[in-house]
2 protein chains.
Amino acid sequence: MSGLAREDYLADIYRLQCERPKDPVSTGSVADRRGVTAASATAMFKRLARDHLIVYRNYGGVTLTPEGEDLALGVVRRHRLVERFLADVLHIPWQQVDAYADQMEHALPDEVVDRMEALLENPYTCPHGYPIPDKHGHLAQPHLVLLRDLPLGETVRVARVNERVPGLLPYIEELGLMPGSLLRLTGRNPIDLNVTIEAGGQEHILGLRVSEALWVEPTEAKG
Amino acid sequence: MSGLAREDYLADIYRLQCERPKDPVSTGSVADRRGVTAASATAMFKRLARDHLIVYRNYGGVTLTPEGEDLALGVVRRHRLVERFLADVLHIPWQQVDAYADQMEHALPDEVVDRMEALLENPYTCPHGYPIPDKHGHLAQPHLVLLRDLPLGETVRVARVNERVPGLLPYIEELGLMPGSLLRLTGRNPIDLNVTIEAGGQEHILGLRVSEALWVEPTEAKG
DNA sequence: CAAGCGTTTTAGACGCGGCTAAAACTCTTT
DNA sequence: AAAGAGTTTTAGCCGCGTCTAAAACGCTTG
């Protein structure tokens with residue numbers, strides 16, 4: 001049936017597109033993410049473009065077509081639902097579910113995915129806080145702020161942790177900052193860009209690599 | 001990592017070997033089962049033999065090496081555990097789980113399989129009654145008899161239904177002869193080899209295609 | 001504005017897993 | 001023992017997905 005690697009490429013292009021929706025996704029960034037050479041990515045781009053799944057301009061990066069985005073959303077949906085499933089039903093540590101889901105996401109029949117979704121009672125997000133597209137590719141776009149950009153003083157809820165930052169997940173867990181936790185930004189160092197937060201009665205200093213991998217959402221009080 | 005198709009071949013060779021353990025498995029039988037041409041099977045045999053997973057004699061069929069059998073047993077284990085999981089946890093009809101498991105069996109990390117096993121409380125068989133190898137490749141070999149070969153009069157329990165016979169599973173379900181059901185062989189026609197059974201208060205006449213796809217086990221009374 | 005550097009693409013190769021058509025083999029059957 | 005039928009293997013092809021090395025491009029910088 002459908003190519004295996006193609007889907008991975010499409011999903012990665014989608015995720016990279018999300019990060020900077022303005023401009024097209026570069027060959028290099030996809031190659032890096034996939035762990036292949038730029039030449040391999042170029043070759044795949046040609047196949048995907050031939051099949052109208054991406055728009056590819058020489059030396060100009062790629063963009064998903066609507067068709068390609070549909071496919072990508074399907075993969076993302078499977079990926080995030082499986083993560084939820086692995087974490088909630090099989091009790092696999094949340095630091096590992098991303099890698100496992102990568103392995104599993106292509107082999108799951110739609111019916112299996114749908115049943116998992118029902119069993120989990122239609123979860124909104126994966127264990128790291130990323131939204132799960134529904135069966136038709138729609139997905140909630142909540143209003144989130146990077147911890148890096150948060151104003152001082154506000155108390156917020158951790159909403160999303162970038163699972164792709166190496167080593168971040170165990171660190172976040174150690175600090176008790178998993179999605180759902182509350183924190184307050186108490187300080188920001190304008191020189192090194194460290195931030196100080198208070199969470200669970202403790203103070204922590206977080207570097208930029210952390211503060212730009214954590215998304216938070218305002219709690220009810222908006223000011 | 002490991003090739004995808006290789007594992008399918010190994011598992012199919014294993015299953016065919018089980019059916020007639022005496023002689024080696026023929027090229028054609030594997031090709032048929034896999035739905036590929038004999039030429040493709042030959043090509044794969046060469047790769048598998050090169051990697052010491054099978055013994056291959058030209059024009060003489062193949063046999064699994066111990067190494068190859070280990071791999072095959074791993075695939076079979078995953079396959080049957082996933083079937084159980086799909087049926088028991090996701091409540092997918094047992095007629096479909098074989099096909100779905102085929103799709104999924106290669107993509108499952110060991111830890112996921114092990115956790116499924118634990119969640120299911122270490123089932124002995126797949127939903128069709130085939131035994132599930134344990135983590136080390138050991139598997140129970142209960143004493144079963146083909147319904148075709150059963151002596152008249154004995155009351156037995158359905159133990160295993162060959163899931164690979166087209167259309168059999170829905171038929172078996174309709175007749176209420178799923179694994180665990182009791183039946184008694186009441187007659188056998190020596191000409192056309194039909195058998196007559198009594199099960200759940202009903203009489204049924206079964207053709208050879210059915211009676212050699214159903215395995216039964218004696219109930220406590222041995223005579 | 002030309003040089004140079006980093007990125008991207010081309011060119012050419014390889015292994016996998018499939019195909020068809022033709023050749024080789026085996027086994028049965030006269 | 002030779003012929004014929006059926007199975008298996010070889011030969012040659014293709015597309016995928018990867019690689020390396022070399023060429024082409026584009027952007028920044030002197």
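Residue numbering restarts at 1 for every chain, and letters A, B, ... go by the order of the sequence lines.
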> Quick one: side-chain hydrogen bond (donor to acceptor under 3.5 Å, both in side chains) pairs with a partner in residues 112-127 of chain B, sequence neighbours left out?
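Listed by first then second residue: Arg77(B)-Asp114(B), Arg77(B)-Glu117(B), Glu111(B)-Arg115(B).
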
> To the nearest Å, give me how far apart CZ (Arg6(A)) and C1' (dC16(D)) are.
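Rounded to the whole Å, the gap is 9 Å.
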
> Would you kindly give the CZ-to-P distance between Arg47(B) and dC16(C), to the nearest whole Å?
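So the CZ-P distance, Arg47(B) to dC16(C), works out to 6 Å.
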
> Over the length of the helix from dC1(C)-dG30(D) to dT30(C)-dA1(D), how much do the five-pair end axes diverge, rounded to 10 degrees?
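Comparing the first five pairs with the last five, the axes sit 20° apart.
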
> What is the distance from CG of Leu4(A) to C1' of dC16(C), rounded to the nearest Å?
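Atom-to-atom, Leu4(A) to dC16(C), this comes out as 12 Å.
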
> Do nucleotides 3-9 of chain C as a string where each nucleotide becomes B, S or -: B if the base has a protein heavy atom under 4.0 Å, S if just the sugar-phosphate does, - if no protein is that close.
-----BB

> Kindly write out the residues that satisfy side-chain hydrogen bond (donor to acceptor under 3.5 Å, both in side chains) with Asp70(B), not counting sequence neighbours, or none if the list is empty.
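So Asp70(B) forms no side-chain hydrogen bond (donor to acceptor under 3.5 Å, both in side chains) with any residue.
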
> Just the rounded figure in Å: distance from P of dC27(C) to CG of Asp23(B).
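Nearest whole value for this atom pair: 12 Å.
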
> How are the rings of Trp94(A) and His128(A) set relative to one another: parallel (under 30°), tilted (30 to 60°) or perpendicular (over 60°)?
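Parallel, since the angle between the ring planes stays under 30°.
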
> Could you tell me which residues satisfy side-chain hydrogen bond (donor to acceptor under 3.5 Å, both in side chains) with Asn189(B), sequence neighbours excluded, listed by chain and number?
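Partners of Asn189(B) under the side-chain hydrogen bond (donor to acceptor under 3.5 Å, both in side chains) test: Asp192(B).
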
> Is a side-chain donor or acceptor of Arg15(A) paired with a backbone partner of Val76(A) at a separation under 3.5 angstrom?
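No; zero donor-acceptor contacts below 3.5 Å.
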
> Restricting to pairs with a member in residues 138-150 of chain A, which pass side-chain hydrogen bond (donor to acceptor under 3.5 Å, both in side chains), not counting sequence neighbours?
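Non-adjacent pairs meeting side-chain hydrogen bond (donor to acceptor under 3.5 Å, both in side chains): Arg148(A)-Glu212(A).
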
> State which residues pass side-chain hydrogen bond (donor to acceptor under 3.5 Å, both in side chains) with Asp98(B); sequence neighbours excluded, sorted by chain then number.
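With neighbours one apart ignored, the set is His79(B), Arg164(B).
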
> Between dT18(D) atom C1' and Asp8(A) atom CG, what is the distance in whole Å?
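Roughly 14 Å, once rounded to whole Å.
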
> Roughly, in whole Å, what's the span from CE in Met44(A) to C1' in dG15(D)?
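Atom-to-atom, Met44(A) to dG15(D), this comes out as 11 Å.
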
> With sequence neighbours excluded, tell me which residues meet side-chain hydrogen bond (donor to acceptor under 3.5 Å, both in side chains) with Ser26(B).
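Testing Ser26(B) for side-chain hydrogen bond (donor to acceptor under 3.5 Å, both in side chains), a comparison that skips the adjacent residues, returns Ser29(B).
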
> Starting at CG of Leu53(B) and ending at P of dC16(C), how long is that distance when rounded to a whole Å?
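Atom-to-atom, Leu53(B) to dC16(C), this comes out as 12 Å.
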
> Kindly state each residue pair satisfying side-chain hydrogen bond (donor to acceptor under 3.5 Å, both in side chains) with at least one member in residues 43-55 of chain B, sequence neighbours excluded.
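Residue pairs with at least one partner in residues 43-55 of chain B: Arg6(B)-Asp51(B).
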
> How many Å lie between CG on Leu10(B) and P on dG17(C), as a whole number?
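Spelled out: CG on Leu10(B) to P on dG17(C) is 11 Å.
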
